[in-house]
Amino acid sequence: MPDHSAVYIGTAFVTGVCLTLLCKEVLDSCRHEKLPSSDPQANALVARSGPPAIVEGIEGCIGNTPLFRIKSLSDETGCEILAKAEFLNGAGQSSKDRVALSMIELAEEEGILTPYSGDTIYEGTSGSTGISLASLARAKGYLAHICMPSDQAIEKSNLLLKLGAIVDRVPPAPIVEKENFVNRARALALAHTASSSISTEEGEVVLSERMLKGRGFFADQFENEANWRAHYGGSGPEIYAQCEGKIDAFVAGAGTGGTISGVARYLKPLLPNIAVVLADPQGSGLYNRVRYGVMFDLKEREGTRRRRQVDTIVEGIGINRVTANFEVGKELVDDAVRVTDAQALAMARWLVEKDGIFVGSSSAVNCFAAVKTAQKLGPGHRIVTMLSDSGSRHLSRFWAKAGDVGGAVDTKLTDVLNARDEDFQ
């Protein structure tokens, strides 16, 4: 019989090489991020691994932010308290990057915005959404005109100016008055689109000739559904994947309401037993809306909203109306935690002292509410919250009140939980 051993050996060698290459291809495909799916469960366990790929422009640096364990709060409560580092988004360095990009892309799809045509994006914002819009407007070929309350931290408007935006700092006013910053932004956008020669009669909107190229687009973050959808398609799936589907509670504040609604709408169908908890600052009516079904605050009740907004040092969350973005998810919110200014200030200081985490006012409110949620659930649970932005854009107001943390200090968590206004006089 002829000796076929050489043929067998050669065939076995080639087969082995092919199988090795095939296995490598399968393993490599498992490591790559899957394309998004309309079915939440189809892409529920997708998480980016390894070094990030090269992306297109600064807008490619938005999303897939880290989720990390806050060591001090986890150790103190016996729960795993995890924070989504939204301040690491790459355009405006806040969670509002997701929203701004979503609103711009939707407007482009609908033919409302055309890059490099002179179109201007108008928005009424307490700061972070405006910063994200100003960054992305420049990246995508638009101008930005931002209206914000004059009582917000001055570094926000300074940053907006550096980003090339036009900024109107207007006196705080209720939403029912035309002088409200949101209503002013809407009026400016309509006036821009309507005509290049605006009446200058007292009380009417005035625009300069150089601004009136292209169209005016009012982003309308409070009512624009692109807001909550940005979190339904981004933050929610990311949190689920990073936690491998093991989450007992999600805690977030609501200004526009997009974050808590979008994440809740994604997580609740997958995790029916998850507790969605609203973190609400003093002066906001949402706490009582969630707890008791009626918008009511000690100093402002429903039906009397012509009064000035109740003052709080917290910026970015807390409101005395139900927005369209909050409405789509409000039935999924299970509980609410009221956080005073003093408690937010104390928590911000705690995070620096214990963990070296430097965040803004809304993030401090979120963390305080996460601790209260952990105490309610008991040890052994996992709670996820959002760190919306850095404390660097809150220096002149919130952190000026919080003061310097100092050197060798040993704050107790009970000191944070029981913080009073007189602690920050």
Side-chain angles (χ1 to χ4, degrees), residues 95 99 124-126 129 149 172-177 180-183 220-225 227-229 231-232 235-236 249-268 274-341 343-344 361-373 376-377 383-386 388:
S95 58
V99 175
T125 166
S126 62
T129 303
I175 190 66
V176 294
E177 296 181 8
N180 174 271
F181 64 105
V182 174
N183 295 335
D220 198 13
Q221 60 170 328
F222 291 90
E223 313 301 328
N224 191 331
E225 72 169 12
N227 184 338
W228 72 263
R229 290 188 180 278
H231 295 287
Y232 177 82
S235 310
F250 174 71
V251 179
T256 64
T259 300
I260 196 166
S261 289
V263 174
R265 284 182 65 122
Y266 184 87
L267 293 181
K268 276 283 191 177
I274 190 174
V276 176
V277 181
L278 172 73
D280 209 34
Q282 67 182 52
S284 173
L286 294 182
Y287 171 85
N288 287 298
R289 173 68 81 176
V290 171
R291 278 291 188 91
Y292 310 115
V294 178
M295 188 78 78
F296 179 83
D297 187 79
L298 293 176
K299 298 180 181 178
E300 180 167 353
R301 63 183 181 273
E302 196 166 30
T304 61
R305 293 185 218 151
R306 286 192 175 275
R307 302 180 184 184
R308 291 293 187 259
Q309 174 85 17
V310 177
D311 192 29
T312 174
I313 202 167
V314 173
E315 299 179 4
I317 58 173
I319 195 169
N320 280 301
R321 70 181 192 276
V322 174
T323 67
N325 279 286
F326 188 76
E327 182 71 33
V328 298
K330 73 175 185 180
E331 298 306 319
L332 303 176
V333 180
D334 302 293
D335 200 1
V337 176
R338 169 79 81 206
V339 184
T340 67
D341 281 356
Q343 290 166 338
S361 55
S362 62
S363 300
V365 170
N366 287 347
C367 288
F368 187 94
V371 169
K372 297 293 286 186
T373 301
K376 183 174 182 178
L377 293 178
I383 296 111
V384 175
T385 193
M386 309 289 276
S388 305

Report the C-alpha separation of T256 and Q221 in whole Å, then their side-chain angles, then the decisive distance to 0.1 Å, and conclude whether the side-chain hydrogen bond (donor to acceptor under 3.5 Å, both in side chains) test is met. CA-CA 7 Å; T256 64; Q221 60 170 328; 4.9 Å; no

Answer yes or no: is there a donor N or O on one side and an acceptor on the other, between the side chain of N325 and the main chain of W228, under 3.5 Å? yes

Rounded distance [0.5 Å steps], CG in L278 versus OG1 in T373: 10.0 Å

Please lay out, stage by stage, how E225 and V328 fare under the test side chain to side chain contact (heavy atoms under 4.5 Å, CB included). CA-CA 9 Å; E225 72 169 12; V328 298; over 6 Å; no

How close do N366 and G253 get, counting heavy atoms only, and between which atoms? OD1-N, 2.9 Å

If I take atom OG from residue S361 and atom CG from residue D341, how far apart are they, to the nearest 0.5 angstrom? 9.0 Å

Can you check whether V290 reaches D335 side chain to side chain, under 4.5 Å on heavy atoms? no

Provide the closest heavy-atom pair for E315 versus S362 in the form atom of the first, atom of the second, distance. O-CB, 3.8 Å

So F250 and M386, do their side chains get closer than 4.5 Å, heavy atoms only? yes

Nearest 0.5 angstrom please: T340 OG1 to Q282 CD, how far? 6.0 Å

Please confirm whether the backbone N or O of V277 pairs with a side-chain atom of D334, one donor and one acceptor, at under 3.5 Å? no

Output the distance between atom OG1 (T259) and atom OH (Y232), rounded to the nearest 0.5 Å. 16.0 Å

Would you mind reporting whether E177 and N183 have side-chain heavy atoms less than 4.5 Å apart? no

Heavy-atom closest pair, residues S126 and F181: N-CE1, 4.3 Å

Would you compute the distance between atom CG of D280 and atom CD1 of I319 and round it to the nearest 0.5 angstrom? 10.0 Å

Are R338 and N288 side-chain neighbours, meaning at least one heavy-atom pair lies under 4.5 Å? yes

For the residue pair V263 and G236, what are the closest heavy atoms and their distance? CG2-N, 4.1 Å

Could you state the interatomic distance from CD (E223) to CD (E327), rounded to the nearest 0.5 Å? 10.0 Å

Could you report the tightest heavy-atom contact between A249 and L377, atom names first, then the distance? CB-CD1, 4.0 Å

Pairwise side-chain contact, I175 with R321, heavy-atom cut-off 4.5 Å (strictly under): yes

Taking all heavy atoms of V339 and all of A344, pick out the closest pair and write down the distance. CG1-N, 3.9 Å

Using a 3.5 Å distance criterion without hydrogens, assess whether the side chain of T385 forms a donor-acceptor pair with backbone atoms of A252. no

Could you tell me if R289 sits above the aromatic ring of F326, with its cationic atom closer than 6.0 Å to the ring centre and no more than 45 degrees from the axis? no

